[in-house]
Amino acid sequence: MLYLIIKYLVTAALIVIISEIARRNDRMGSLIASLPLVTILTLFWLKFENTSAEKISNHAYYTFWFVIPTLPMFLLFPKLNANYGFWIAILSSIVFTIVLFYLYQLVLNRLGIRLF
(Lines give C-alpha, C1' and ligand atoms only; values in the text may rest on other atoms or scores of the structure.)
Protein backbone atom coordinates (compact mmCIF):
# COMPACT_ATOMS: atom_id res chain seq x y z
CA MET A 1 0.00 0.00 0.00
CA LEU A 2 2.86 2.38 0.80
CA TYR A 3 4.34 1.72 -2.64
CA LEU A 4 1.03 2.70 -4.29
CA ILE A 5 0.91 5.94 -2.27
CA ILE A 6 4.49 6.74 -3.31
CA LYS A 7 3.56 6.11 -6.97
CA TYR A 8 0.63 8.52 -6.69
CA LEU A 9 2.68 11.19 -4.94
CA VAL A 10 5.63 11.05 -7.36
CA THR A 11 3.39 11.01 -10.43
CA ALA A 12 1.18 13.84 -9.14
CA ALA A 13 4.23 15.87 -8.14
CA LEU A 14 5.57 15.59 -11.68
CA ILE A 15 2.34 17.00 -13.13
CA VAL A 16 2.23 19.80 -10.55
CA ILE A 17 5.87 20.75 -11.18
CA ILE A 18 5.34 20.85 -14.95
CA SER A 19 2.19 22.98 -14.63
CA GLU A 20 3.95 25.39 -12.26
CA ILE A 21 6.90 25.75 -14.63
CA ALA A 22 4.48 26.28 -17.54
CA ARG A 23 2.67 28.99 -15.57
CA ARG A 24 5.93 30.91 -15.21
CA ASN A 25 7.52 30.12 -18.58
CA ASP A 26 5.31 28.70 -21.31
CA ARG A 27 8.20 27.57 -23.51
CA MET A 28 10.08 25.78 -20.75
CA GLY A 29 6.86 24.21 -19.46
CA SER A 30 6.03 23.01 -22.97
CA LEU A 31 9.51 21.61 -23.45
CA ILE A 32 9.31 19.64 -20.22
CA ALA A 33 5.73 18.51 -20.93
CA SER A 34 6.76 17.28 -24.38
CA LEU A 35 9.38 14.98 -22.92
CA PRO A 36 8.19 11.42 -22.42
CA LEU A 37 8.49 11.79 -18.65
CA VAL A 38 5.23 10.02 -17.85
CA THR A 39 6.17 7.12 -20.10
CA ILE A 40 9.64 6.86 -18.59
CA LEU A 41 8.17 7.01 -15.10
CA THR A 42 5.70 4.29 -16.08
CA LEU A 43 8.55 2.15 -17.39
CA PHE A 44 10.31 2.57 -14.04
CA TRP A 45 7.15 1.66 -12.12
CA LEU A 46 6.69 -1.45 -14.28
CA LYS A 47 10.31 -2.47 -13.74
CA PHE A 48 10.08 -1.93 -9.97
CA GLU A 49 6.97 -4.14 -9.96
CA ASN A 50 8.94 -6.96 -11.63
CA THR A 51 6.87 -6.77 -14.81
CA SER A 52 8.24 -8.91 -17.63
CA ALA A 53 10.63 -7.36 -20.12
CA GLU A 54 8.15 -8.18 -22.89
CA LYS A 55 5.33 -6.25 -21.20
CA ILE A 56 7.61 -3.25 -20.56
CA SER A 57 8.78 -3.27 -24.18
CA ASN A 58 5.19 -3.55 -25.39
CA HIS A 59 4.27 -0.50 -23.33
CA ALA A 60 6.95 1.58 -25.03
CA TYR A 61 6.02 0.21 -28.46
CA TYR A 62 2.31 0.98 -28.13
CA THR A 63 3.02 4.39 -26.63
CA PHE A 64 4.83 5.31 -29.83
CA TRP A 65 1.80 4.41 -31.96
CA PHE A 66 -0.66 6.17 -29.63
CA VAL A 67 1.30 9.44 -29.58
CA ILE A 68 1.05 10.00 -33.34
CA PRO A 69 -2.71 10.73 -33.59
CA THR A 70 -2.55 13.08 -30.60
CA LEU A 71 -0.03 15.45 -32.18
CA PRO A 72 -2.43 17.37 -34.47
CA MET A 73 -4.41 18.43 -31.40
CA PHE A 74 -1.47 20.58 -30.32
CA LEU A 75 -1.79 22.59 -33.54
CA LEU A 76 -5.59 22.73 -33.52
CA PHE A 77 -6.08 23.77 -29.89
CA PRO A 78 -4.17 27.10 -29.97
CA LYS A 79 -6.06 28.29 -33.05
CA LEU A 80 -9.44 27.34 -31.63
CA ASN A 81 -8.57 28.75 -28.22
CA ALA A 82 -7.66 32.12 -29.73
CA ASN A 83 -10.85 32.27 -31.79
CA TYR A 84 -13.49 30.53 -29.65
CA GLY A 85 -12.18 30.29 -26.10
CA PHE A 86 -10.87 27.51 -23.93
CA TRP A 87 -13.93 25.29 -23.49
CA ILE A 88 -14.87 25.13 -27.17
CA ALA A 89 -11.21 24.60 -28.06
CA ILE A 90 -10.65 21.78 -25.57
CA LEU A 91 -13.90 20.01 -26.40
CA SER A 92 -13.27 20.29 -30.14
CA SER A 93 -9.69 19.08 -29.68
CA ILE A 94 -10.85 16.05 -27.72
CA VAL A 95 -13.47 15.14 -30.32
CA PHE A 96 -10.97 15.72 -33.14
CA THR A 97 -8.43 13.45 -31.43
CA ILE A 98 -11.01 10.71 -30.90
CA VAL A 99 -11.91 10.84 -34.59
CA LEU A 100 -8.22 10.75 -35.53
CA PHE A 101 -7.67 7.74 -33.26
CA TYR A 102 -10.50 5.91 -34.98
CA LEU A 103 -9.23 6.72 -38.50
CA TYR A 104 -5.64 5.99 -37.47
CA GLN A 105 -6.65 2.60 -36.13
CA LEU A 106 -8.37 1.77 -39.44
CA VAL A 107 -5.19 2.64 -41.36
CA LEU A 108 -2.93 0.70 -38.99
CA ASN A 109 -5.21 -2.34 -39.10
CA ARG A 110 -4.76 -2.42 -42.89
CA LEU A 111 -1.00 -2.37 -42.31
CA GLY A 112 -1.23 -5.28 -39.89
CA ILE A 113 -0.60 -3.21 -36.74
CA ARG A 114 -3.22 -3.95 -34.09
CA LEU A 115 -3.54 -1.43 -31.27
CA PHE A 116 -6.88 -2.59 -29.88
Side-chain angles (χ1 to χ4, degrees):
M1 182 65 166
L2 179 61
Y3 175 70
L4 186 60
I5 292 169
I6 291 170
K7 277 175 56 173
Y8 278 123
L9 291 175
V10 170
T11 306
L14 180 64
I15 293 168
V16 170
I17 289 167
I18 292 169
S19 68
E20 287 300 309
I21 291 170
R23 197 164 51 92
R24 289 169 177 73
N25 184 324
D26 54 350
R27 289 185 177 141
M28 185 58 69
S30 297
L31 172 65
I32 295 168
S34 72
L35 299 173
L37 297 174
V38 172
T39 300
I40 291 170
L41 190 56
T42 302
L43 295 174
F44 277 121
W45 293 137
L46 291 171
K47 180 63 178 169
F48 295 151
E49 294 166 357
N50 295 316
T51 304
S52 71
E54 179 184 8
K55 198 146 193 84
I56 294 170
S57 294
N58 284 342
H59 179 78
Y61 174 80
Y62 288 120
T63 298
F64 167 80
W65 290 109
F66 285 127
V67 164
I68 294 170
T70 66
L71 294 176
M73 187 271 309
F74 294 105
L75 296 174
L76 178 66
F77 177 80
K79 298 293 184 190
L80 293 176
N81 191 36
N83 293 324
Y84 301 104
F86 178 82
W87 295 110
I88 297 287
I90 199 74
L91 181 60
S92 298
S93 295
I94 291 168
V95 170
F96 181 70
T97 302
I98 290 169
V99 169
L100 278 182
F101 261 106
Y102 175 75
L103 296 173
Y104 183 66
Q105 178 183 336
L106 292 177
V107 170
L108 289 182
N109 282 344
R110 289 182 177 254
L111 297 174
I113 299 168
R114 304 270 183 243
L115 297 181
F116 294 105

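Values below: all heavy atoms of this structure, side chains included; hydrogens, waters and symmetry mates excluded.
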Mind checking whether Leu43 and His59 have side chains closer than 4.5 Å, heavy atoms only? yes

If hydrophobic clusters are built from ILVMFWY residues whose side chains come within less than 4.5 Å, do Leu37 and Val10 share one? yes

Would Val99 end up clustered with Leu71 when hydrophobic side chains under 4.5 Å apart are linked, directly or stepwise? no

Treating Ile, Leu, Val, Met, Phe, Trp and Tyr as nodes and any side-chain heavy-atom pair under 4.5 angstrom as an edge, say whether Phe116 and Ile113 lie in one connected cluster. yes

Scanning both residues in full, the closest heavy-atom pair of Pro78 with Met73 reads CD-O, 4.3 Å

Quick note, salt bridge (Lys or Arg N to Asp or Glu O under 4.0 Å) partners involving residues 33-50, not counting sequence neighbours, are Lys7-Glu49

Using a 6.0 Å cut-off, check whether atom CZ of Phe66 has over 12 heavy atoms from anything other than its own residue. yes

Can you name the residues that form a ring-ring contact (aromatic ring centres under 6.0 Å, His included) with Tyr104, not counting sequence neighbours? none

Supply the atom-to-atom distance Thr70 OG1 to Phe96 CZ, rounded to the nearest 0.5 angstrom. 11.0 Å

Residues Ile17, Ile32; criterion side chain to side chain contact (heavy atoms under 4.5 Å, CB included); working and verdict: CA-CA 10 Å; Ile17 289 167; Ile32 295 168; over 6 Å; no

Enter the distance from Ile40:CD1 to Leu35:CG here, rounded to the nearest 0.5 Å. 7.5 Å

If I take atom CG from residue Leu75 and atom CG from residue Leu80, how far apart are they, to the nearest 0.5 angstrom? 11.0 Å

For the student: nearest non-hydrogen atoms of Trp65 and Leu115, plus distance: CB-CD2, 3.6 Å

Tightest non-hydrogen contact, residues Arg114 and Tyr62, listed as O-CE2, 3.6 Å

Does any pair with a residue in residues 3-38 pass ring-ring contact (aromatic ring centres under 6.0 Å, His included), and if so which ones, sequence neighbours excluded? Tyr3-Trp45

Do you know the tightest heavy-atom contact between Ile18 and Ala33? CG2-CB, 3.8 Å

Given Thr97 and Phe77, is the side chain to side chain contact (heavy atoms under 4.5 Å, CB included) satisfied, shown in steps? CA-CA 11 Å; Thr97 302; Phe77 177 80; over 6 Å; no

Taking all non-hydrogen atoms of both residues into account, name the closest pair between Pro69 and Leu100 and its distance. O-CD1, 3.6 Å

Please check if Ile6 and Leu41 belong to a single hydrophobic cluster, counting links between Ile, Leu, Val, Met, Phe, Trp and Tyr side chain heavy atoms closer than 4.5 Å. yes

Looking only at heavy atoms, the pair that brings Leu76 and Ser92 closest together is CD2-O, 4.4 Å

Take atom CD in Glu20; do more than 12 heavy atoms of anything else shown fall under 6.0 Å from it? yes

Backbone N or O of Leu106 within a donor-acceptor pair of the Arg110 side chain at under 3.5 Å? no

Can you confirm whether Phe86 is buried at CZ, in the sense that more than 12 heavy atoms of other residues, nucleotides or ligands lie under 6.0 Å from that atom? yes

Membership question, hydrophobic clusters at under 4.5 Å side-chain separation (ILVMFWY): are Leu111 and Tyr61 in the same one? yes

